[in-house]
Amino acid sequence: MRFSPKIAAVSVATLFVLSCVYAPLRVFAEETEVSGDANTTLEMSVQADPEGDEASGGALANSFRYEDGVLVGSDAESSTDDSGISLLSLDARSVPNTWQKQGNDYVVVSGLNQGMRVSNAKGFGIDVSHHQGVIDWAKVKSSGLVDYVIIRCGWGSDYTSQDDTQFINNVRGCQQNGIPFGIYLYSYAYNTSMAVSEANHVLRMLSAAGLTPSQVSYPIYYDLENEAKIGRPAGEEDGVVVPVSNSTLEVMAETFCSTIENAGYRSGVYANRNWWNNYLTGSSFSQWSKWVAEYDDSCSYGGNYDMWQCMSDGTLPGISTNVDINFDFTGLKDATPSGSGTTNLSPMMRLYNPNSGEHLYSSSINERNTLTQLGWVYEGISWYNPASSSTPVYRLYNPNNGDHHYTISVNERDTLDMIGWNYEGICWYADDSQSSPVYRLFNPNQLNEGAHLFTTSTNERDTLARIGWIYEGIAWYSL
């Protein structure tokens with residue numbers, strides 16, 4: 001299947017007003033990426049373990065949780081800082097909190113936060129690293145409390161010295177005890193080259209553990225929290241600290257998450273409430289699973305999120321140290337597309353042409369990479385398709401104005417072909433079990449490229465309908 005990377009729109013006579021449209025709104029960041037590539041090959045480049053193990057030549061990590069590798073607030077009174085992290089919860093003198101499930105709620109039955117209650121959660125989880133030492137996963141499982149685990153695989157760029165030494169043990173422990181899990185990596189990046197290296201770090205660790213996408217039930221999270229004592233996002237390497245702009249954070253996340261998704265895994269981003277409110281504000285972040293840290297009795301973050309990290313001082317059988325406690329509110333495990341192995345699943349990538357307003361959907365990594373080199377903006381994975389079904393989706397191209405169109409209608413395909421559109425073949429397959437609808441909208445004011453939009457988002461559908469787009473119903477179904 002060929003692609004047609006036309007950048008400039010061409011005015012043409014009205015040919016045929018399709019009953020299907022797509023071209024969502026795009027918010028562009030006003031800042032540019034920090035220039036300069038990090039050295040991503042030399043093992044001598046050092047980034048510190050964010051959980052307190054000093055690496056030779058590197059400084060201990062500093063973030064909203066750590067000051068020189070030590071949890072902040074060890075001498076604090078009860079208060080809350082701007083990050084939304086309760087300092088009392090981080091107090092080294094505090095009594096660890098013991099949780100219990102009571103009906104559909106989770107309750108702290110002893111400890112500093114005794115009486116705290118969380119309702120409407122679909123899963124109770126923890127996140128772990130070698131900071132927790134050797135974990136007795138059989139005891140964790142027998143507690144009857146833990147529904148999932150997010151496991152750290154390492155920190156920073158792709159150096160073996162920055163691998164988490166308990167990663168394989170923690171993966172095997174979860175596998176042997178039937179505990180669903182996801183992965184996270186602490187980021188030190190300040191440009192996209194480093195973000196690529198960090199994504200490769202994750203993929204190398206997944207390979208070392210013998211994992212495939214179907215075995216990782218939860219997303220791969222990009223842990224964005226490094227501040228390096230300057231009070232705002234910063235990357236660092238070899239002791240050099242580089243402040244990171246909001247737009248650079250967004251393109252780094254796009255780089256990391258797209259690399260992870262192209263390998264067949266789901267991706268997400270972790271940060272505290274302050275970062276989500278003030279730094280991770282780009283439109284791209286809505287594409288990925290959002291994990292918010294706020295150490296309080298409830299999460300006050302106003303945006304949508306999947307997971308809430310509510311404290312760092314939980315306690316569980318089988319773990320000798322305190323452990324972070326998380327709640328899954330959306331059923332992330334159940335959201336894993338059925339047949340999520342790479343042979344049964346086809347991710348549908350979405351690109352945007354800032355010059356014409358057109359969006360293009362493709363399952364071809366080569367097409368995505370070529371178009372981004374020509375100036376298109378990669379917007380992530382929009383949905384997943386089965387590798388095959390009885391419902392093909394056809395793709396057509398209008399050589400007069402550069403527009404692309406997608407339909408499951410043989411009649412629409414043949415009609416467009418008859419009036420001069422080029423039929424480009426079957427581009428993917430719809431889900432016959434009708435798991436998730438893909439909505440189709442038409443912009444009556446746009447007769448050139450970008451006249452149609454396809455989306456699984458009811459929010460995007462309703463927003464476009466309110467500003468004048470015509471909702472034309474369900475185009476097909478995705479996984």
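Everything numeric here is computed off the predicted structure, so don't read it as measured data.
Separation of atoms CG (L185) and CG (L224) is listed at 10.0 Å; rounding is to 0.5 Å. The structure places CD1 of I168 at 7.5 Å from CG of L211, a figure rounded to the nearest 0.5 Å. Here the OG1 atom belonging to T259 is positioned 11.0 Å from the CD atom belonging to E198, to the nearest 0.5 angstrom. We find the CG-CE distance between L371 and M349 to be 10.0 Å, quoted to the nearest 0.5 Å. Remark: L396 CG to H404 NE2 distance equals 10.0 Å, nearest 0.5 Å.
For the salt bridge (Lys or Arg N to Asp or Glu O under 4.0 Å) condition, no pair includes a residue of residues 179-188, sequence neighbours left out. Screening residues 183-195 for salt bridge (Lys or Arg N to Asp or Glu O under 4.0 Å), with sequence neighbours left out, gives no hits.
The side-chain heavy atoms of Y184 and Y270, taken from C-beta on, include no pair separated by under 4.5 Å.
For the pair N170 (side chain) and Q166 (backbone), a donor-acceptor distance under 3.5 Å is present. Formation of a donor-acceptor pair under 3.5 Å by the E250 side chain with backbone atoms of S284 is found in this model.
No close placement of the Y301 and W308 rings is indicated, their centers lying 6.0 Å or farther apart. Remark: aromatic rings of F454 and Y439 are distant, center separation not under 6.0 Å. In this structure, Y186 has its ring center closer than 6.0 angstrom to the ring center of Y188.
A search for ring-ring contact (aromatic ring centres under 6.0 Å, His included) contacts involving W288 returns F285, not counting sequence neighbours. A search for ring-ring contact (aromatic ring centres under 6.0 Å, His included) contacts involving Y265 returns nothing, not counting sequence neighbours. Legend: residues meeting salt bridge (charged side-chain N to carboxylate O under 4.0 Å, His left out) with D431, ordered by chain and number and at least two apart, are absent. With sequence neighbours excluded, the residues satisfying side-chain hydrogen bond (donor to acceptor under 3.5 Å, both in side chains) with W383 are N385. With sequence neighbours excluded, no residue forms a salt bridge (charged side-chain N to carboxylate O under 4.0 Å, His left out) with D306. Every ring-ring contact (aromatic ring centres under 6.0 Å, His included) that Y148 has, sequence neighbours left out, goes to Y218. When the side-chain hydrogen bond (donor to acceptor under 3.5 Å, both in side chains) test is applied to D462, no partner is found at least two apart in sequence or on another chain. Taking R172 as the reference, Q175 meet the side-chain hydrogen bond (donor to acceptor under 3.5 Å, both in side chains) condition, with sequence neighbours excluded. Checked against salt bridge (charged side-chain N to carboxylate O under 4.0 Å, His left out), R204 has the following partners two or more places apart in sequence or in another chain: D158, D163. For S267, the side-chain hydrogen bond (donor to acceptor under 3.5 Å, both in side chains) partners at least two apart in sequence or on another chain are E261.
Of the N and O atoms on the side chains of T391 and S389, not one donor lies less than 3.5 Å from an acceptor on the other residue.
Using cut-offs of 30° and 60° on the angle between ring planes, the pair F256 and Y222 is parallel.
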